[in-house]
Enquirer: 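Handing you a structure now.
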Amino acid sequence: IPMVILAPKTKTKKKHFVQQKVKVFRASDPVLSVFMWGVNHSINDLNQVPVPVMLLPDDFKANTKIKVNNHLFNKENLPGHFKFKEYCPQVFRNLRERFGIEDLDYQVSLTRSSPMRSVDDQGDCLLLNSYDRALVIKQISSEDVADMHNILSEYHQHIVKCHGSTLLPQFLGMYRVSVDNEETYLIVMRNMFSHRLVVHRKYDLKGSLVAREASDKERGKELPTFKDMDFRNNMQKVYVTEEQKEKFMEKVNRDVEFLVRLKIMDYSLLLGIHDVGRAERDEEEGEEVSNEEEPEAENGLAAGATVGSYGTSPEGIAGYMSACKPLGPGEFDPYVDVYAIGSSPQREVYFMGLIDVLTQYDTKKKAAHAAKTVKHGAGAEISTVHPEQYAKRFRDFISNIFA
């Protein structure tokens, strides 16, 4: 009987929340406000459209546009004139489904509260985490949008073929926001790192040792991004079982073959390491700190979360977990933290995925390769090589990161 009583209550709460659309508009940055408004609008519209039996070639070229003039509703948060464009809505809807992300959860994660500035945001381009840290919102160029269109059909086929099990970025939506005649292009991806387990060390690995060392400026950051030479010099290793390594390398080989077919290179393996013992110590020391509100930046974007302040959101992609049994130190849900691999002997959790997968071997790369060959000599190991060579070097390096 209690189950019968509780179920409708939960449903009613969710429906009630969706109707309170005014809660969506919380960003004080106009571009973000329009982005949140647009995602909310587009998901609500998509819910009225039947899911197609199969995607057609036109779906990979389609887009939806909304133009708003003299907008009066919620004018303290939204500009009076703006445009919002969503690229290939049916394709990204299908991809979200294949990655196990429901549209309502996607909508809540992006629009219930304003996204936060990522700790990796360099200031030139927006790099944000959704408020529940399940998603990454990245500003891209119009050239990146064109590159994404070029690979989208093949990318979708690859995701279908591998049943969503991939180390590639999980692309979930692509948008253009126009405010004051300025266009901002944004792509949404699943966060490769955890929404609750703090990353203590981070590496960007390309498989090249030429000029692949973190700068002094980088090392001064709270969470520096180390590179291939640092990985070697630190004598860093990834401690997993033979079975875990085999499964991981299977994914690497499958994804890299796909990238070679598309003549893509310059990608990296992003490696984040969560130290369970350190997290426990930090939690003991900083429990009072974790309850403090995060400071607002000048443009209205909250700064990224500090160590010890991670928690589960009440709703959204990771939200259902709060209703389940709480996770202990170093534990994660593989359906949410899809890039995570646990290591019991080391008490570490590794987050590993492929990033920067939009660089094709074009004229610019060929010119860079020629210039570096002149500088370092034809036999030297240089970072800019043909996609096949890049893939081989990358795979060889990655297969050796394990203990």
Side-chain angles (χ1 to χ4, degrees), residues 20-46 61-89 91-93 103 106-133 135-150 152 169 171-189 191 293-304 356 358:
Q20 300 296 315
K21 288 177 187 170
V22 71
K23 286 191 177 181
V24 167
F25 319 122
R26 292 189 180 180
S28 51
D29 177 88
V31 169
L32 269 190
S33 294
V34 173
F35 169 72
M36 292 163 73
W37 181 92
V39 169
N40 187 61
H41 188 281
S42 68
I43 294 292
N44 286 342
D45 271 8
L46 263 182
K61 301 170 194 165
N63 61 70
T64 58
K65 294 180 190 173
I66 308 161
K67 184 177 182 180
V68 177
N69 282 322
N70 303 315
H71 190 68
L72 296 175
F73 172 68
N74 204 29
K75 61 184 176 184
E76 67 277 10
N77 282 322
L78 282 165
H81 306 270
F82 61 84
K83 289 190 279 188
F84 179 82
K85 180 177 183 178
E86 180 178 18
Y87 297 96
C88 311
V91 176
F92 285 108
R93 175 202 229 178
D103 274 1
Y106 176 78
Q107 182 184 34
V108 169
S109 288
L110 288 175
T111 65
R112 186 177 184 205
S113 192
S114 183
M116 303 168 299
R117 188 179 290 284
S118 165
V119 289
D120 293 319
D121 192 321
Q122 302 298 317
D124 307 332
C125 293
L126 283 174
L127 184 63
L128 308 164
N129 291 328
S130 59
Y131 85 98
D132 62 357
R133 302 179 184 86
L135 303 174
V136 170
I137 304 118
K138 184 181 181 185
Q139 184 177 350
I140 56 176
S141 66
S142 55
E143 289 81 12
D144 290 332
V145 173
D147 289 341
M148 192 70 211
H149 273 110
N150 288 339
L152 191 55
F171 296 119
L172 306 172
M174 188 163 68
Y175 310 94
R176 186 188 74 194
V177 172
S178 305
V179 178
D180 296 331
N181 296 319
E182 276 196 32
E183 295 179 338
T184 305
Y185 301 91
L186 299 164
I187 195 159
V188 179
M189 302 169 278
N191 191 353
E293 285 190 19
E294 287 170 349
E296 285 269 311
E298 315 82 64
N299 60 359
L301 298 181
D356 300 332
L358 291 179

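FYI, the numbering just counts along the sequence from 1.
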Enquirer: If you measure from CZ on Phe92 to CD1 on Ile187, what distance do you get to the nearest 0.5 Å?
Expert: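 That separation rounds to 5.5 Å.
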Enquirer: To the nearest 0.5 Å, tell me how far Lys61 NZ sits from Leu152 CG.
Expert: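 Nearest 0.5 Å value for the NZ-CG distance: 12.5 Å.
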Enquirer: Ignoring hydrogens, what is the shortest heavy-atom contact between Ile43 and Asp103? Give both atom names and the distance.
Expert: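 Closest approach of Ile43 to Asp103: CG2-O, 3.9 Å.
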Enquirer: Starting at CZ of Arg93, measure out to CD of Glu86 and round the result to the nearest 0.5 Å.
Expert: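 Nearest 0.5 Å value for the CZ-CD distance: 10.0 Å.
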Enquirer: Please walk me through it: do Ser178 and Lys67 pass side chain to side chain contact (heavy atoms under 4.5 Å, CB included)?
Expert: CA-CA 9 Å; Ser178 305; Lys67 184 177 182 180; over 6 Å; no
Enquirer: When you compare the side chains of Asp45 and Ser42, does any donor N or O come within less than 3.5 Å of an acceptor on the partner?
Expert: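 No.
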Enquirer: In Å and rounded to the nearest 0.5 Å, what is the OG1 to CG distance from Thr111 to Leu32?
Expert: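 It comes to 12.5 Å.
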Enquirer: Mind checking the OG-CE spacing from Ser130 to Met116? Nearest 0.5 Å is all I need.
Expert: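 CE of Met116 is found 7.0 Å from OG of Ser130.
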Enquirer: I need the minimum non-hydrogen distance between Gly173 and Tyr106, along with the two atoms involved.
Expert: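 What the structure gives for the nearest pair is CA-OH, 3.7 Å.
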Enquirer: I need the minimum non-hydrogen distance between Ala62 and Pro89, along with the two atoms involved.
Expert: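 Here Ala62 and Pro89 meet closest at O-CD, 4.1 Å.
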Enquirer: What do the steps show when you test Met36 against Asn40 for side chain to side chain contact (heavy atoms under 4.5 Å, CB included), and what is the final call?
Expert: CA-CA 6 Å; Met36 292 163 73; Asn40 187 61; over 6 Å; no
Enquirer: Taking only residues two or more places apart in sequence or in another chain, which ones pass salt bridge (Lys or Arg N to Asp or Glu O under 4.0 Å) with Asp356?
Expert: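 Salt bridge (Lys or Arg N to Asp or Glu O under 4.0 Å) check on Asp356 returns Lys138.
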Enquirer: Can you list every salt bridge (charged side-chain N to carboxylate O under 4.0 Å, His left out) pair that touches residues 171-183, not counting sequence neighbours?
Expert: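 Found Arg176-Glu183.
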Enquirer: At what distance, to the nearest 0.5 angstrom, does NZ of Lys85 lie from CD1 of Ile66?
Expert: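 These two atoms lie 12.5 Å from each other.
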Enquirer: In sequence, state the C-alpha distance, the side-chain angles, and the governing distance for Leu358 and Glu143, and then conclude on side chain to side chain contact (heavy atoms under 4.5 Å, CB included).
Expert: CA-CA 10 Å; Leu358 291 179; Glu143 289 81 12; over 6 Å; no
Enquirer: Does the side chain of Val177 come within less than 4.5 Å of Trp37's, by heavy atoms?
Expert: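 Contact flag for Trp37/Val177 side chains = no.
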Enquirer: Can you see which heavy atom on Tyr175 is nearest to which on Phe84, and at what distance?
Expert: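 For Tyr175 and Phe84, the tightest heavy-atom pair comes out as CD2-CZ, 3.2 Å.
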Enquirer: Closest approach of Ser141 and Tyr185, non-hydrogen atoms and distance?
Expert: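 Taking Ser141 first and Tyr185 second, the nearest heavy atoms are C-CD1, 4.2 Å.
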Enquirer: Between Val179 and Phe35, does a side chain to side chain contact (heavy atoms under 4.5 Å, CB included) hold up when you go through it step by step?
Expert: CA-CA 10 Å; Val179 178; Phe35 169 72; over 6 Å; no
Enquirer: Specify the closest pair of heavy atoms between Gln139 and Leu186, including all atoms of both residues, with the distance to one decimal.
Expert: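 Of all heavy-atom pairs spanning Gln139 and Leu186, the closest is CA-CD2, 3.8 Å.
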Enquirer: Pick from Asn129, Asp132, Val136, Ile137: which one makes a side chain to side chain contact (heavy atoms under 4.5 Å, CB included) with Pro115?
Expert: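 Exactly one candidate clears the test, Ile137.
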